> 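Submitted below is the structure of interest, expressed as C-alpha cells.
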Amino acid sequence: MTRRHSRIAGTGSFLPPRRVSNEELAAQLAERGVQTSDSWIVERTGIHARHFVDDGVMASDLALAAAQAALQAAGLTADAIDLIVVATSTPDMVFPSTAAIVQRKLGVAGCPAFDVQAVCTGFVYALTVADAMLANGSASRALVIGTEVFSRLLDFDDRGTCVLFGDGAGAVVLETSGEPGILATDLNADGSYADILCVPGHVAGGGILGKPLLKMDGRAVFKLAVNVLGQTARTVLDKAGLAPSDIDWLVPHQANIRIMQSTARKLHLSMDKVLVTVGEHGNTSAASIPLALDQGVRDGRIRPGHIVLLEGVGGGFTWGSVLFRA
Ligand code: UT7
C-alpha cells in the first residue's frame with residue numbers, strides 16, 4: 001500500500017504583548033534579593049527578552065490566536081479541520097484537554113482533539129502523531145499547536161531557571177498531499193532522566209502536593225541535549241536519504257544559543273542556516289519550534305521547496321526531529 005503523505009499548508013504564531021527585557025526582569029528579581037544581570041543572561045543563553053501573559057490568559061487563548069493565523073495562512077476556516085493536536089505542559093485545566101478547549105473556542109465540534117505531553121519536544125511529538133494519523137487515513141487536515149504559559153511554572157527565587165523561559169504559541173495546518181511534505185520523523189524518550197527537568201507537583205484532594213515549580217539541573221540537561229540533538233538529526237537525515245548539506249534551515253528548540261551553535265557545528269551547518277528566536281522569545285517549551293518556524297516562513301527565509309529540520313529536546317527526557325520539504 002502506498003503511504004499517504006502530509007505537508008504543512010500554513011503556519012501561525014502568537015506572543016503575548018507584554019515583553020519583559022533582561023534588565024526589567026533583573027530589577028524585579030533584585031527586589032526579592034535574587035541577583036542576575038543582562039550580561040550574564042545574554043552571555044550564557046543568548047536571551048535578551050521574553051514575553052509573559054497577563055493574569056487570566058490561558059494556554060488555549062494563545063493557541064487559539066496561533067491556530068487562527070495558521071488557518072488564515074492555509075486559506076482555510078476551522079470547519080475544514082478534522083484533527084486537533086495540542087502540545088503543552090501548561091494546560092488550562094487538569095482536564096479536559098487544552099485541545100478540546102481550543103476546539104470549542106474555534107467554534108467547531110466533532111473532530112478528535114487531544115493533548116500531547118513531551119515538554120519542549122512536545123511540538124515534534126504532536127507533528128509526528130498528526131503525520132501518522134494523516135498517513136493512515138484517520139484524518140486529512142490537522143491543526144498542530146504548541147502553546148505554553150511557562151511563566152506560571154517559574155520559581156522566581158531560582159535565578160538558574162526563571163530567566164530562561166517565556167510564554168507563546170505556534171501552530172501549523174498539516175494536510176494530506178500527493179508529495180511529501182514530511183520526509184522523516186524520529187521520537188525518543190528516556191524516563192531515567194525524569195528528575196533533571198521537572199515540575200514536581202500533582203493535584204490531590206483539592207490541593208497540590210509537592211512543589212509545582214520548574215526545577216532543572218541545567219548542566220546535565222545541557223550535556224544531554226547537545227548529544228541527542230546530533231543523533232536525532234542524523235537519524236532523520238538517514239531515513240530520508242539526505243545529508244546535512246541538504247538542509248536549508250535548521251529550526252531547533254530555542255533553549256540556549258550555545259546548544260544551537262553546538263548542534264550546527266556537529267552538522268557542519270553555518271549559523272546562517274539556523275533560525276534563532278531565543279533572543280526575543282526565551283525558551284517557550286513546546287511553542288518554541290512552531291514560533292520560530294512561523295517567523296522564518298513569514299519573513300521569507302523559509303521558501304517552498306526548502307528542506308527544513310525541526311529538532312526538539314526537553315523534559316522526560318525527550319528528544320526528536322521532523323524533517324520536511326516546505
Ligand atoms: O527546554 C529544555 C531544555 N533546557 C535547556 O536546554 C537548558 C540547558 N542548560 C542551560 O542552558 C545552562 O546550563 C544554563 C543557562 C541553565 C546555565 O548556564 P551554565 O553555563 O551551565 O551555568 P551554571 O549553571 O554552571 O552556573 C554558573 C554560575 C553559577 O555560579 P558559581 O557557582 O559559578 O558561583 C551560578 O550560580 O552562574 C550562576 N548563575 C547565575 N548568575 C547570574 C546561574 N544563573 C544565574 C543568573 N544570573 N541568572
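Each ligand, and each atom within it, is numbered from 1 in the order the structure gives. The chain is numbered in sequence order, starting from 1. Fair warning: this is a prediction, and the values are worked out from it, not measured in the lab.
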> Could you tell me the residue and atom name of the protein heavy atom closest to atom 33 (O) of ligand 1, and the distance to it rounded to 0.1 Å?
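Sorting protein heavy atoms by distance from atom 33 (O) of ligand 1 puts Arg219 NH2, 4.8 Å first.
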> Does a donor on one side chain sit under 3.5 Å from an acceptor on the other, for Ser288 and His253?
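On atom types as modelled, these side chains qualify, holding a pair under 3.5 Å.
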> Would you kindly say whether Asp186 and Ser321 are connected by a side-chain donor-acceptor distance under 3.5 Å?
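Short answer, no.
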> Will you find, in the side chains of Asn136 and Arg4, an N or O donor that is under 3.5 Å from an N or O acceptor?
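Note: Asn136 and Arg4 side chains miss the donor-acceptor criterion.
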> Going by the order shown, which atoms of ligand 1 are within less than 4.0 Å of some heavy atom of Ile259?
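Atoms satisfying the 4.0 Å criterion: 6 (O).
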> Could you tell me the residue and atom name of the protein heavy atom closest to atom 8 (C) of ligand 1, and the distance to it rounded to 0.1 Å?
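Answer for atom 8 (C) of ligand 1: Gly218 O, 3.6 Å.
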> Can you tell me the protein heavy atom closest to atom 3 (C) of ligand 1 and the distance?
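That would be Val221 CG1, 3.7 Å.
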> Testing the 3.5 Å rule here: is there a donor-acceptor pair between the side chains of Thr45 and Asn256?
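Their side chains do not contain a donor-acceptor pair, so the 3.5 Å distance test is not met.
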> Out of all atoms in ligand 1, which are within 4.0 Å of some heavy atom of Gly160? Include the element for each.
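Result: 16 (C), 44 (N).
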> Note the single closest protein heavy atom to atom 30 (O) of ligand 1, along with its residue, its atom name and the distance in Å.
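Looking only at protein heavy atoms, the one closest to atom 30 (O) of ligand 1 is Arg159 NH2, 4.3 Å.
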> Can a side-chain donor-acceptor contact be found between Gln295 and Thr277 if the only test is distance below 3.5 angstrom?
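Short answer, no.
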> Going by the order shown, which atoms of ligand 1 are within less than 4.0 Å of some heavy atom of Arg44?
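By the 4.0 Å cutoff, the relevant atoms are 19 (P), 20 (O), 22 (O), 27 (C).
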> Can you list the atoms of ligand 1 that are under 4.0 Å from a heavy atom of Leu197?
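With Leu197 as reference, the close atoms of ligand 1 come out as 2 (C).
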> Report yes if some N/O of His253 lies less than 3.5 Å from some N/O of ligand 1; otherwise report no.
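Between His253 and ligand 1 (N or O atoms, distance only) the closest approach is under 3.5 Å.
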> Please state whether Leu164 comes within less than 4.0 angstrom of ligand 1, counting heavy atoms only.
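It does, in that a heavy atom of Leu164 comes within the 4.0 Å cut-off of ligand 1.
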> Need the ligand 1 atom indices (1-based, order shown) with element for anything under 4.0 Å from a heavy-atom of Asn283.
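Close to Asn283: 1 (O), 2 (C).
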> Val163 heavy atoms, cut-off 4.0 Å: which ligand 1 atoms fall inside?
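Near Val163, meaning under 4.0 Å from one of its heavy atoms, ligand 1 has 48 (N).
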> Any N or O of Thr45 that comes nearer than 3.5 Å to an N or O of ligand 1?
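N/O-N/O distance below 3.5 Å does not exist for this pair.
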> In terms of residue, atom name and distance, what is the protein heavy atom nearest to atom 17 (C) of ligand 1?
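The closest heavy atom on the protein side is Trp40 CH2, 4.0 Å.
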> Among all the protein's non-hydrogen atoms, which is closest to atom 11 (O) of ligand 1, and how far away is it?
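Scanning the protein heavy atoms, the shortest distance from atom 11 (O) of ligand 1 goes to Asn256 ND2, 2.7 Å.
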> Does either side chain, that of Lys215 or that of Thr161, offer a donor lying less than 3.5 Å from an acceptor on the other one?
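The answer is no; no qualifying pair exists.
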> Tell me the protein heavy atom at minimum distance from atom 47 (N) of ligand 1, and give that distance in Å.
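For atom 47 (N) of ligand 1, the nearest protein heavy atom comes out as Thr36 OG1, 2.7 Å.
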> Could you grab the distance from atom CD1 of Ile302 to atom OG1 of Thr11, nearest 0.5 Å is fine?
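Answer for the CD1-OG1 pair, Ile302 versus Thr11, is 8.0 Å.
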> Nearest 0.5 Å, what's the CZ-CD distance between Arg18 and Glu24?
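Rounded to the nearest 0.5 Å, the CZ-CD separation comes out at 8.5 Å.
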> Show me which atoms of ligand 1 lie under 4.0 Å from any heavy atom of Cys120.
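Answer, ordered by atom number: 1 (O), 2 (C).
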> Kindly compute the distance separating CZ (Phe114) from CD1 (Ile84), expressed to the nearest 0.5 Å.
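Output value for this atom pair is 10.5 Å.
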> Could you list the atoms of ligand 1 found under 4.0 angstrom from a heavy atom of Met216?
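Result: 4 (N), 7 (C), 16 (C).
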> Without hydrogens or angle criteria, can the side chains of Ser285 and Glu148 be said to hold a donor-acceptor pair below 3.5 Å?
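Present: a donor and an acceptor within the cut-off.
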